[in-house]
Amino acid sequence: MICQGCAFASSAANDFTPPDCPFCRTPWIYDIGDSVKAMMKRVGANDPNALNNFGGWYLYGKFGMPQDYKMAESLWLRGGELGCGGAYINIGNIYRKGQGTTIDMQKAKYYYQLAAILGDVLARHRLGLIEMDSGNKRRALKHFMIAARCGCDVSLCNVKQTYQNASKSINMTWTNFFVDLVSKDEFEQVLRANKNSRDEMKSDHRESAARITPTSHVTERMTFQI
């Protein structure tokens, strides 16, 4: 697994043509059939990220796989149990959106919680949104503050709106939602932690990759399977 910056650096070193694997130097796989075989090999080895990706193939019926929501969920469940927070997020998403099943926000929340326990920042942010929609102000803010400390700019924006009670909120329904729930000290602590987290993630290659493919700091921690 490599981050976006490393993927960019590897590609730039190869004149932006598909590079060999930075780890094992395996050539880039162009044939779909060979890609499927390589994925199956990793799935057979219980690679949690491969299980997560493979579940996505079944969700959308890609690369020759039939569209099978139950198979997708089964693969994601295995991936989550092996430590892939993104797999649990995907399960939460299908219950939140009602993809292949009925909408069930309690189940969505449960799987986002499992992902958050594994340290997934996006899951933490989504838990905040769920609590906000449910009217649980303090619990929502707690999730946003945790995610913001880990570098999530969207959650930081929510905390900032809370503290400043901005009249020009992106969503006007949020104005006065969290009034008086964030102290000055808490807000400053979140700002410092967010900056430290972003500084830890900074690199020239990541900045270059972000200019080509803009992304929020929520996804800067995302990695690519190779």
To the closest 0.5 Å, what do you measure between [atom1] ([X]) and [atom2] ([Y])?
{"X": "Asp120", "Y": "His125", "atom1": "CG", "atom2": "NE2", "value": "12.0 Å"}
{"X": "Leu127", "Y": "Lys142", "atom1": "CG", "atom2": "NZ", "value": "11.5 Å"}
{"X": "Ile32", "Y": "Lys37", "atom1": "CD1", "atom2": "NZ", "value": "13.0 Å"}
{"X": "Glu81", "Y": "Asn46", "atom1": "CD", "atom2": "CG", "value": "10.5 Å"}
{"X": "Gln113", "Y": "Leu118", "atom1": "CD", "atom2": "CG", "value": "12.5 Å"}
{"X": "Trp57", "Y": "Leu75", "atom1": "CH2", "atom2": "CG", "value": "11.5 Å"}

Looking only at non-hydrogen atoms, find the nearest pair between [X] and [Y] and report the distance.
{"X": "Ala108", "Y": "Gly92", "result": "CB-O, 3.4 Å"}
{"X": "Ala87", "Y": "Gly80", "result": "CB-N, 3.6 Å"}
{"X": "Ala123", "Y": "Tyr112", "result": "CB-O, 3.5 Å"}
{"X": "Ala140", "Y": "Gly128", "result": "CB-O, 3.4 Å"}

Do [X] and [Y] come within less than 4.5 Å of each other through their side chains, counting heavy atoms only?
{"X": "Lys62", "Y": "Phe54", "answer": "no"}
{"X": "Arg126", "Y": "Ile89", "answer": "yes"}
{"X": "Val154", "Y": "Phe144", "answer": "no"}
{"X": "Lys70", "Y": "Tyr58", "answer": "no"}
{"X": "Leu59", "Y": "Gln67", "answer": "no"}
{"X": "Tyr111", "Y": "Leu77", "answer": "yes"}
{"X": "Val36", "Y": "Met65", "answer": "yes"}
{"X": "Ile103", "Y": "Arg96", "answer": "no"}

Verify, without hydrogens or angle tests, whether Trp76 (side chain) and Ile91 (backbone) share a donor-acceptor contact under 3.5 angstrom.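 Here the side-chain-to-backbone pair does not exist.
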So which of Asn49, Leu51, Val43 actually passes side chain to side chain contact (heavy atoms under 4.5 Å, CB included) with Asp47?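 Answer to the side chain to side chain contact (heavy atoms under 4.5 Å, CB included) test with Asp47 among Asn49, Leu51, Val43: Asn49.
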Pair Lys109 + Glu131: basic N to acidic O under 4.0 Å: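 Salt bridge: yes.
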Would you indicate whether Tyr69, at its atom OH, is surrounded by more than 12 heavy atoms from other residues, nucleotides or ligands within a distance under 6.0 Å?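 Atom OH in Tyr69 is packed in, count exceeds 12.
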Are there more than 12 heavy atoms of other residues, nucleotides or ligands under 6.0 Å from atom CE of Met40?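 Counting neighbours around CE of Met40, 12 or fewer heavy atoms of other residues, nucleotides or ligands fall under 6.0 Å, so no.
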Flag for Glu73-Tyr95: side-chain donor and acceptor within less than 3.5 Å: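 Yes.
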Under a single-linkage definition using a 4.5 Å side-chain heavy-atom cutoff for Ile, Leu, Val, Met, Phe, Trp and Tyr, are Met105 and Leu122 assigned to the same hydrophobic cluster?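 Looking at the clustering, Leu122 is in the same group as Met105.
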